[in-house]
Amino acid sequence: MVRLRSISIRNFRNIHAADVELGPRLNVISGGNGQGKTSFIEAVYLLATSKSFRATKPIESIARGADIASVRGRVTEDDLEREQSVGLRRGGRVARIDGKATATLAEYAVTTPAVVFHPAGLALTAGPSAERRRLMDRVALYTDPTSLVALEQYGTALKARQKALVERGATARDAEHWEALMVEYGGRVMASRARAVEKIADVGGRAFKEIATPGLSMNIAYGPSASSVPSEYREALVKHRAADIRRGSASIGPHRDDIDLKMQSVPVRGAASQGEHRALVLALKIAEIEAISEARGVRPMLLLDDVSSELDVERTAALFKYLGTMPGQVYVTTTRPDLIDTKGIGAHRVDFVVRSGVIA
Amino acid sequence: MNSRRLQRVVKLLSRLPGVGEKTAMRYALHLITTSEPLAHDLAASLAELQQHLRPCSICQNIAEIAAPNDEPICAICSDNKRDRATLCVVARVHDLLAIERVGAMRGGYFVLGKLLSPLDGIGPDELPIGKLLRRIEDGVTEVIVATPPSVDGEATALLLKRELETYVDKKGLKITRIASGVPHGGDLEFADPITMGRALAGRQAI
Ligand SMILES: [Zn+2]
């Protein structure tokens with residue numbers, strides 16, 4: 001298993017300087033709203049993945065008045081220890097493992113896997129498809145490390161084709177070449193997403209049965225927007241050129257993919273109750289953890305940001321029951337540390353209190 | 001810092017690729033404070049560059065000229081031992097130099113100067129395709145497309161293939177693409193000689 005032994009945070013959001021030794025199993029971070037609980041867990045996620053789970057630019061995480069924010073930590077995996085660090089500054093980020101910058105951020109991100117569950121993540125099943133594509137791509141990063149490169153290449157070809165069509169019309173001479181590349185790179189993205197969803201579907205379906213009302217079942221499938229037959233995909237792109245100029249982007253392709261979620265054979269969007277959505281989200285999160293564990297061969301760190309405030313009592317209990325069976329390092333933030341039911345994982349519980357960006 | 005002259009030099013230096021304001025200031029201060037006549041020599045050499053170097057009128061590689069009205073022909077194009085039937089198409093002079101370092105390429109070159117990139121305002125008409133076609137008509141039997149393996153490089157390779165199609169059908173022109181042994185999404189420039197040698201040897205018909 002992989003775990004963080006210690007973390008040093010500098011100028012990150014409202015945390016100016018913090019050096020913390022962490023517990024091996026369960027870390028409970030409590031404090032009032034706006035005191036820095038989420039910033040702390042976000043720093044852990046940043047150290048693990050080089051990215052934030054909040055939808056903000058890196059620059060916005062730098063404390064006011066500072067030029068650079070940094071997070072550094074000691075990570076142990078099996079018997080080996082490594083030092084990781086991520087520095088944020090205007091114009092980008094640097095991620096290092098044992099002092100050396102990794103060739104790509106993707107390489108850094110798969111080194112110390114972490115899965116986060118936060119209130120905004122509850123929109124996973126009911127909200128827009130972008131969150132579900134991100135889920136597929138997070139898992140694909142581990143099952144197929146080149147998927148991120150293909151996704152970036154696809155994005156470049158997609159934008160280039162759109163610009164060519166807008167500038168030179170539907171008969172632009174170079175449109176066919178960008179389309180050929182969209183089909184090539186997009187095909188790679190689709191293949192790796194299909195494999196990722198296969199992993200998610202298997203575990204997610206089983207997890208849902210345990211969490212939801214007995215007798216309910218969830219069906220998870222990859223919902224690609226474009227045909228997986230290259231010639232059909234290309235023909236569709238050509239056919240849509242004029243329409244795509246009007247709508248401002250390609251009407252088909254991986255950027256419009258989704259995960260098809262069905263409960264008792266009915267699409268869940270608009271049909272499932274709020275409680276059912278929560279159970280679905282939880283099942284998908286468990287599936288994400290399991291899929292990453294299997295692909296990476298190590299249990300990811302699990303970061304739970306204020307989930308008990310959003311999940312009902314039953315789901316929270318189901319989540320902690322699952323955590324009891326999952327050997328891995330867990331971080332929980334809460335306003336009410338006394339309410340965290342730590343049966344099963346409580347033996348090694350370490351508590352922290354965050355007040356005005358100071359962690360004690 | 002209040003010298004307008006110093007400021008001007010810093011501004012100019014920071015326009016160079018990879019040089020930020022801080023580095024530019026370091027360079028400028030070094031030029032002022034060093035005891036060597038570095039600034040003077042540098043200025044003279046740069047002025048000479050401007051005077052004596054031009055893009056080669058045949059391949060757009062860098063060519064040296066003795067007098068301002070000479071036709072610029074580069075060392076490769078004026079080398080009679082080069083195989084004129086093989087033409088290697090590259091994006092930039094940089095890439096040409098990277099391939100030359102390997103020493104495996106015995107033919108001539110054609111430097112496009114840019115890649116297809118609508119996001120930077122470069123469409124097919126901005127590429128010197130007409131000039132390339134005239135060059136091919138001059139006895140070329142194989143075109144090696146050595147644009148980088150980036151998205152723009154691949155699109156440019158596809159465009160060249162399409163534009164050269166009639167020569168393939170009518171004159172039996174062979175078009176090959178260097179093998180993708182070069183780093184993914186990367187620069188030809190960073191490829192080591194062995195990788196580059198393999199990429200050239202492993203080129204395939206497209
Ligand atoms: Zn020349």
Side-chain angles (χ1 to χ4, degrees), chain A residues 67-68 89-92 102-107 144-189 230 234 237-238 241 244-245 248-250 253-254, chain B residues 14 17-24 89 91 112 114-130 132-133 145 147-166 175 177 179-187 189-192 195 204 206:
Chain A
D67 292 326
I68 299 171
R89 68 169 75 204
R90 196 175 290 279
T102 52
T104 61
L105 288 177
E107 189 189 322
D144 179 4
T146 63
S147 62
L148 192 70
V149 176
L151 192 62
E152 280 167 8
Q153 290 172 321
Y154 170 74
T156 306
L158 172 75
K159 280 189 226 128
R161 177 223 188 220
Q162 190 64 28
K163 195 74 198 284
L165 291 180
V166 169
E167 303 248 298
R168 295 185 287 283
T171 56
R173 255 203 298 159
D174 51 336
E176 59 162 326
H177 307 311
W178 300 113
E179 285 164 358
L181 293 175
M182 284 166 73
V183 172
E184 188 187 326
Y185 304 135
R188 277 181 223 159
V189 172
R234 277 193 76 166
L237 283 171
V238 174
R241 278 182 195 173
D244 290 351
I245 294 174
S249 177
Chain B
S14 60
V19 178
E21 288 250 346
K22 266 188 194 162
T23 309
V89 181
L112 291 169
K114 51 189 101 172
L115 293 171
L116 205 53
S117 177
L119 297 167
D120 301 306
I122 303 167
D125 292 343
E126 274 71 41
L127 297 178
I129 306 257
L132 174 63
L133 295 184
V145 181
T147 52
S150 62
V151 179
D152 290 349
E154 295 293 356
T156 306
L158 290 173
L159 177 80
L160 292 179
K161 186 191 167 207
R162 175 71 80 232
E163 301 288 330
L164 300 180
E165 240 166 19
T166 52
I175 309 175
R177 175 101 175 93
S180 55
V182 258
H184 219 84
D187 254 320
E189 203 190 322
F190 296 121
D192 59 279
T195 312
Q204 291 188 337
I206 55 170

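Residue numbers start from 1 in every chain, and the chains themselves are labelled A, B, ... in the order their sequence lines are given, proteins ahead of strands. Keep in mind that the numbers below use all heavy atoms, side chains included, and drop hydrogens, waters and symmetry copies.
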Heavy-atom closest contact (Trp178(A) atom, Asp152(B) atom, distance):
CH2-OD1, 3.4 Å

Report, in residue-number order, which members of residues 117-126 of chain B are under 4.5 Å from chain A by heavy-atom distance.
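Near chain A, by residue number: Ser117(B), Pro118(B), Leu119(B), Gly123(B), Pro124(B), Asp125(B).
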
Can you confirm whether Tyr154(A) sits close enough to Val151(B) that some side-chain heavy atom of one is under 4.5 Å from a side-chain heavy atom of the other?
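Not in contact.
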
Segment of Ala180(A) engaging chain B (4.5 angstrom heavy-atom cut-off):
side chain

Non-hydrogen contacts under 4.5 angstrom with chain B: give the residues of residues 167-176 of chain A involved, or none if there are none.
Arg168(A), Arg173(A), Asp174(A), Glu176(A)

